[in-house]
Amino acid sequence: MKNGMKKTAAVVMAAMLMGTGAVVPAAEDMGIFSQTAIVAEAASVGKVTGLKSKTLSNSEIQLNWSKVKGASGYTVYMRKNGKYNKLGDCKGTSYTVKKLPNATRENFKVRAYKTVKGKKVYGKYSANWNTATNPQACKGLKVSSVGTDSVKLSWTKIGCTNYRIYQNIKGEWKEIGKTTGTSYTVKKLAPATKYQFKIRACKQDDKKTSNNHYGKYSGVVTATTKKSDKIT
């Protein structure tokens with residue numbers, strides 16, 4: 001009778017803990033006293049906070065978060081098809097996700113765990129964090145046509161939100177326009193003058209903040225506008 005009451009108490013305690021978001025092994029997996037100890041340990045696993053990221057390239061994202069006191073390690077998850085799937089475990093507060101598609105937005109969560117009696121017990125999930133990989137470097141930039149006051153540029157299509165166009169103005173590269181297409185005409189130029197241009201692809205932040213993601217710059221192209229036929 002006493003053993004039955006102890007088992008019931010342990011199961012109830014585990015159920016209460018699960019209601020807080022912590023995960024514990026099933027009661028039948030081990031003795032009642034061991035199970036009660038694990039429930040107590042699980043209750044002390046803190047929630048991961050401060051999840052941030054740094055985009056390292058067009059295929060890698062580094063996640064970072066604040067340390068959880070007493071945690072044995074952390075498990076990282078990425079959303080796919082509406083569900084968060086486990087990516088892996090780590091001991092520290094940094095994890096690099098690799099082999100991601102170019103210019104793609106991804107969503108992550110992290111939670112801490114403790115290892116008790118060979119079992120992992122988890123704290124609550126962190127808040128979700130979304131970010132994106134960089135686009136590829138733009139390729140194939142060329143001068144398609146030249147006028148007396150304009151230069152038309154064109155390039156190869158890649159995955160991105162838009163393309164940013166830059167002009168070398170008095171030794172400094174300045175953004176002069178953007179487009180979702182694969183060509184751009186620079187206007188209001190002076191006749192018979194040499195100009196330099198380059199471009200790069202942009203994966204724009206979904207929240208329309210300044211936290212955009214850029215690919216590497218293309219090579220530089222040079223174009224000289226035609227002489228004017230006007231008689232001065």
* Does the ring of Trp129 carry Lys109 above it, NZ/CZ under 6.0 angstrom from centre and within 45° of its axis? -> no
* **Pair Lys120 + Asp89, salt bridge at N-O below 4.0 Å** => yes
* Asked: For the side chain of Ser183 and the backbone of Leu153, is there at least one donor-acceptor N/O pair under 3.5 Å apart?
  -> no
* Heavy atoms from other residues, nucleotides or ligands near NZ of Lys152 exceed 12 (cutoff 6.0 Å) -> no
* To do: Pick out which of Asn162, Thr161, Asn212 makes a side chain to side chain donor-acceptor pair (under 3.5 Å) with Gln204.
  => Asn162
* Tyr163 side chain to Ile158 backbone, donor-acceptor under 3.5 Å -> yes
* **Within-4.5 Å side-chain heavy-atom neighbours: Thr224 and Tyr195** => no
* To do: Give the minimum heavy-atom separation between Gly140 and Thr156, together with the two atoms involved.
  => CA-OG1, 3.8 Å
* **Minimum heavy-atom distance Ser53-Ile61, with the two atoms named** => CB-CG2, 4.0 Å
* To do: Apply side-chain contact (heavy atoms from CB on, under 4.5 Å) to Leu100 and Met78, showing your working.
  => CA-CA 11 Å; Leu100 295 169; Met78 184 172 76; 3.9 Å; yes
* Side-chain heavy-atom pair Thr131, His213 within 4.5 angstrom cut-off -> yes
* **Validation row: Glu106, Pro101 side chains within 4.5 angstrom (heavy atoms)** => yes
* Criterion ring pair (Phe, Tyr, Trp, His ring centres under 6.0 Å) against Tyr217, the qualifying member of Tyr166, Trp173, Phe197 -> Tyr166
* Shortest non-hydrogen contact between Ala103 and Gly159, atoms and distance -> CB-O, 3.3 Å
* Structure fact -> In short, Ser150 meets Thr185 closest at the heavy-atom pair CB-CG2, 4.1 Å
* Closest non-hydrogen atom pair, Phe108 against Val97 -> CE2-CG2, 3.8 Å
* For the residue pair Ser144 and Ser154, what are the closest heavy atoms and their distance? -> OG-OG, 2.6 Å
* Criterion side chain to side chain donor-acceptor pair (under 3.5 Å) against Arg111, the qualifying member of Tyr122, Tyr74, Tyr77, Tyr84 -> Tyr77
* To do: Output yes when a side-chain donor or acceptor of Ser57 lies under 3.5 Å from a complementary backbone atom of Glu60, and no otherwise.
  => yes
* Asked: Mind checking whether Leu141 and Val221 have side chains closer than 4.5 Å, heavy atoms only?
  -> yes
* Under 3.5 Å: donor-acceptor pair, side chain of Ser126, backbone of Thr49 -> no
* Do Thr75 and Val110 have side-chain heavy atoms sitting under 4.5 Å apart? -> no
* Asked: Do Lys203 and Cys160 come close enough that some side-chain heavy atom pair is under 4.5 Å?
  -> no
* Asked: Yes or no on side-chain hydrogen bond (donor to acceptor under 3.5 Å, both in side chains) for Asn102 and Asn58, after CA distance, side-chain angles and deciding distance?
  -> CA-CA 5 Å; Asn102 302 325; Asn58 59 347; 3.2 Å; yes
* To do: Following the transitive rule for hydrophobic clusters with a side-chain heavy-atom cut-off under 4.5 Å over Ile, Leu, Val, Met, Phe, Trp and Tyr, establish whether Tyr113 and Val68 coincide in one cluster.
  => no
* Side-chain (Thr55) to main-chain (Thr133) donor-acceptor, under 3.5 angstrom -> no
* **Any side-chain heavy-atom pair of Lys227 and Pro191 under 4.5 Å** => no
* Min side-chain heavy-atom separation Thr222-Lys194 under 4.5 Å -> yes
* Go through the steps to decide whether Ser59 and Lys99 satisfy the test side-chain contact (heavy atoms from CB on, under 4.5 Å), and finish with yes or no. => CA-CA 5 Å; Ser59 63; Lys99 297 182 179 180; 5.9 Å; no
